[in-house]
Amino acid sequence: MPEEAEVVLRLDRPSATALADLIYNVGEHQAAGMAIAELSTDDSERLGQVLRDLWRALGVPLPYAGVSGREPPRRA
């Protein structure tokens, strides 16, 4: 997939809200040292699915889904 190709994910409202809240909390944690709130089980599962969908869209092998069992490479 070319680097400039768009990656588009469709999210239901609860998943989009959970993702927005998580991104905000991480930003506040980095900016001011605010604690990152623990995710509910539902939000954790929703965000796990969003991450799996994103990895698939990026063409990154999914951890624990194949025989390799390797974590996907990270850019950060």
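None of these values were measured; they are calculated from a predicted model.
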Inset, instruction - Establish whether L11 and L54 are linked, either directly or via other cluster members, by ILVMFWY side-chain heavy-atom contacts under 4.5 Å. - result: no

Legend entry - Sequence neighbours excluded, every pair satisfying side-chain hydrogen bond (donor to acceptor under 3.5 Å, both in side chains) that has a member inside residues 13-27: D12-S15

Legend entry - side chain to side chain contact (heavy atoms under 4.5 Å, CB included) partners for L47, two or more places apart: A18, L19, L22, L39

Legend entry - ILVMFWY cluster, I23 and L51 together (side-chain gap under 4.5 Å): no

What pairs of donor and acceptor atoms, side-chain ones from residues 28-38 against any protein atom, are under 3.5 angstrom apart with sequence neighbours left out?
residue, atom, partner, partner atom, Å
H29, ND1, M34, O, 2.8

Legend entry - S40: partners by side chain to side chain contact (heavy atoms under 4.5 Å, CB included), with sequence neighbours left out: D42, D43

Legend entry - Check: R46/Q49 side-chain N/O donor and acceptor closer than 3.5 Å: no

